> 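Following this message is one structure expressed as structure tokens.
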Amino acid sequence: MAQEMRELQHDLLVLIGRRFNLIEDYLNFGTVCKSWHSAATKNNFNSELPRVPWLMLPEEEEDKRDSCCRKFFSLYNDMILKKRIPKARGKRCLESMGWLITVGKDEGEASLLHPFSGVQFELPHQNTTKDFDEHETGYPFTFFRKAVLSASPFYTSDFVLMVIEGGIRFLSFWRPGDLRWTRVSWDRSDHTPFVDVVYFNGRFYAVDYSGRVLVCDVAGPEPTKKSHIIAQLPFGPRDRLDHLYIVESLGSLFIVVRDGVQISQVKDDCDRMRIPLTYIVGENEEELRDGEELRYGTKQFRVFKVDLAAAGKVTETRELGERAFFLGANASLSVQTSQFPGIKPNHIYFTDDFFESYLGFVEGGGLDMGVFNLADGSIQMHYEGVSLSRVCPPTWVTPTLC
């Protein structure tokens with residue numbers, strides 16, 4: 001009878017657990033006691049449901065007792081989850097589909113790591129990219145600029161990892177079993193550095209700093225390894241585009257332009273965000289004039305919809321409907337806000353991912369974060385704390401169960 005009661009209780013707990021939609025609630029459910037924890041397994045949770053990203057904070061170097069620990073901040077309930085991730089210690093982390101693409105600070109070795117299970121795939125070293133010696137970056141951990149998966153390795157072994165790499169920022173990809181990175185060819189002489197890439201409808205779409213949108217198909221058994229232009233943002237060659245992102249949302253592509261991430265010398269009365277950090281003066285830099293100081297910080301975002309059915313027609317919009325974008329060192333993501341209490345529709349949640357600026361400061365990056373209201377242009381904070389790093393500032397990570 002006692003055994004039957006225990007089995008009945010477990011079955012009831014499983015039924016309760018399966019009613020949760022938010023992973024934060026499910027994790028809390030599993031912390032109540034041992035019997036509840038035993039029912040809170042991956043198989044008893046609908047892992048196919050969409051997720052809202054958590055903000056992964058940098059390592060806390062002052063805590064020498066547990067320097068492998070990372071904190072994750074949930075926007076839904078302000079919950080802080082601590083997780084030991086020793087394989088990510090001291091490394092820069094990019095993100096896609098809940099997986100971290102980690103890059104070593106000094107040696108530049110790379111891996112594909114699931115932070116909550118510890119499952120890891122070793123990736124080819126960056127020196128296996130084409131003409132590596134000609135395209136090295138100043139720091140090994142900045143060689144890979146963005147990384148995007150075509151599918152989660154938990155569900156299939158037939159996936160592709162696309163990266164933006166090198167000082168000139170080419171597209172290269174890796175598939176399980178490959179011993180080196182394969183460069184996506186570009187048959188034009190006017191190469192402009194790529195800045196973001198997304199996987200959509202079986203193809204990878206990328207945007208470069210001139211506002212061109214390109215597509216390439218490398219996911220099939222015989223990848224073309226070539227890209228071609230499908231759209232162009234309405235900017236001229238002399239227009240300065242600080243930073244760009246490409247996002248898929250409800251079957252459409254969007255290009256987001258972010259202004260204000262470049263370091264500049266400004267007057268004290270400038271309305272740009274003031275960054276109270278210690279600037280590293282370079283050998284060839286001029287002294288600041290009286291009344292000027294160095295600042296950087298996001299001023300605004302502009303959003304453009306790409307109509308693939310109308311020959312790549314581009315239209316600016318200030319309306320995302322019930323969607324919110326999450327931008328940063330993660331694979332750019334769109335979520336349906338009605339499924340996530342506390343997430344604001346028609347807003348852009350962003351982190352400090354422009355390392356060309358934050359590497360200019362002793363403390364690193366992490367202050368240029370916030371939530372941008374696309375309707376009125378206002379910016380608010382999504383995380384009230386200060387969390388800085390030169391190697392891996394806060395970034396979005398979509399939580400997935402192991």
Side-chain angles (χ1 to χ4, degrees), residues 22-28 30-31 40 42 51-123 139-142 144 146-147 149 152-154 326-331 333 349-353 355 358-359 363-370 381-402:
L22 292 170
I23 195 170
E24 291 89 340
D25 292 336
Y26 193 71
L27 291 173
N28 284 332
T31 62
K42 178 183 177 181
R51 304 276 172 256
V52 66
W54 289 350
L55 186 67
M56 185 179 75
L57 304 177
E59 298 165 333
E60 297 181 354
E61 297 182 359
E62 65 274 8
D63 187 0
K64 302 298 183 181
R65 297 169 298 175
D66 199 6
S67 59
C68 295
C69 190
R70 291 289 181 97
K71 291 182 179 179
F72 293 83
F73 173 73
S74 168
L75 296 170
Y76 161 58
N77 58 7
D78 293 341
M79 180 181 77
I80 293 285
L81 170 71
K82 294 185 68 174
K83 174 66 177 177
R84 294 190 75 253
I85 315 177
K87 295 177 182 178
R89 181 179 180 181
K91 297 180 179 180
R92 181 164 181 252
C93 297
L94 308 173
E95 189 272 355
S96 180
M97 295 188 178
W99 289 75
L100 301 179
I101 296 82
T102 66
V103 184
K105 178 178 181 292
D106 299 318
E107 300 299 327
E109 74 282 355
S111 66
L112 185 61
L113 171 67
H114 188 262
F116 300 105
S117 68
V119 174
Q120 180 175 266
F121 296 86
E122 293 297 331
L123 298 174
Y139 302 91
F141 62 91
T142 66
F144 292 124
K146 208 65 178 280
L149 287 164
S152 172
F154 271 145
F326 285 78
L327 308 179
N330 59 299
L333 183 68
Y349 291 73
F350 62 95
T351 59
D352 193 350
D353 67 324
F355 65 77
Y358 70 65
L359 282 180
E363 297 84 355
L367 284 184
D368 188 18
M369 302 193 300
M381 297 302 297
H382 51 64
Y383 176 70
E384 296 297 334
V386 176
S387 190
L388 304 175
S389 171
R390 280 179 58 81
V391 177
C392 187
T395 190
W396 301 117
V397 175
T398 301
T400 54
L401 295 177
C402 56

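Quick caveat, the model's predicted, so the values are computed rather than measured. Heads up: numbering here begins at 1 and tracks the sequence.
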> Show, in sequence, the C-alpha distance, side-chain angles and deciding distance for Arg390 and Tyr358, and conclude whether the side-chain contact (heavy atoms from CB on, under 4.5 Å) test is met.
CA-CA 7 Å; Arg390 280 179 58 81; Tyr358 70 65; 5.6 Å; no
> Do Leu57 and Tyr383 have side-chain heavy atoms sitting under 4.5 Å apart?
yes
> Output all residues satisfying salt bridge (Lys or Arg N to Asp or Glu O under 4.0 Å) with Asp353, sequence neighbours left out; order by chain, then residue number.
Arg258
> After noting the C-alpha distance and the side-chain angles of Tyr76 and Trp54, does the key distance pass the side-chain contact (heavy atoms from CB on, under 4.5 Å) rule?
CA-CA 9 Å; Tyr76 161 58; Trp54 289 350; over 6 Å; no
> Below 4.5 Å, heavy atoms only, C-beta onward: do Met56 and Pro394 meet side chain to side chain?
no
> Side chains of Ser117 and Phe154: does their closest heavy-atom pair fall under 4.5 Å?
yes
> Nearest 0.5 Å please: distance from the CG atom of Asn330 over to the SG atom of Cys93.
12.5 Å
> For Phe144, give me all partners under ring-ring contact (aromatic ring centres under 6.0 Å, His included), at least two apart in sequence or on another chain.
Trp181
> Less than 4.5 Å apart, any side-chain heavy atom of Thr398 and any of Leu333?
yes
> Quick one: closest heavy-atom pair of Met97 and Leu149, and the distance?
CE-O, 3.5 Å
> Run the ring-ring contact (aromatic ring centres under 6.0 Å, His included) test against Phe326 and tell me which residues pass, sequence neighbours left out.
Tyr349, Trp396
> Could you list the donor-acceptor pairs under 3.5 angstrom formed between side-chain atoms of residues 99-107 and any protein atom two or more places apart in sequence or on another chain?
| unit_1 | atom_1 | unit_2 | atom_2 | d |
| --- | --- | --- | --- | --- |
| Trp99 | NE1 | Ser152 | OG | 3.3 |
| Thr102 | OG1 | Ser111 | OG | 2.6 |

> Report the distance from atom CG of Leu388 to atom CG of Asp352, rounding to the nearest 0.5 Å.
8.5 Å
> Do any N or O atoms from the side chain of His382 and from the backbone of Phe350 form a donor-acceptor pair under 3.5 angstrom?
yes
> Short question: side chain of Arg84, backbone of Cys68 - any donor-acceptor pair under 3.5 Å?
no
> Tell me every residue that passes side chain to side chain donor-acceptor pair (under 3.5 Å) with Glu122, counting only those two or more places apart in sequence or in another chain.
Gln120
> What is the distance from atom CD1 of Ile85 to atom NE2 of His114, rounded to the nearest 0.5 Å?
10.0 Å
> Before you tell me yes or no, could you show the steps for Glu109 and Leu123 under side-chain contact (heavy atoms from CB on, under 4.5 Å), namely the whole-Å CA-CA distance, both residues' side-chain angles and the distance that decides it to 0.1 Å?
CA-CA 8 Å; Glu109 74 282 355; Leu123 298 174; over 6 Å; no
> Is any side-chain heavy atom of Leu367 closer than 4.5 Å to a side-chain heavy atom of Val386?
yes
> Do Cys69 and Glu59 have side chains that approach each other closer than 4.5 Å (heavy atoms only, starting at C-beta)?
no
> Decide yes or no for Pro58 and Cys392: does some side-chain heavy atom of the first lie under 4.5 Å from some side-chain heavy atom of the second?
no
> For Lys91, check side chain to side chain donor-acceptor pair (under 3.5 Å) against everything at least two apart and list the hits.
none
> Any idea which heavy atoms bring Gly98 and Val397 closest together, and the distance?
O-CG1, 4.4 Å
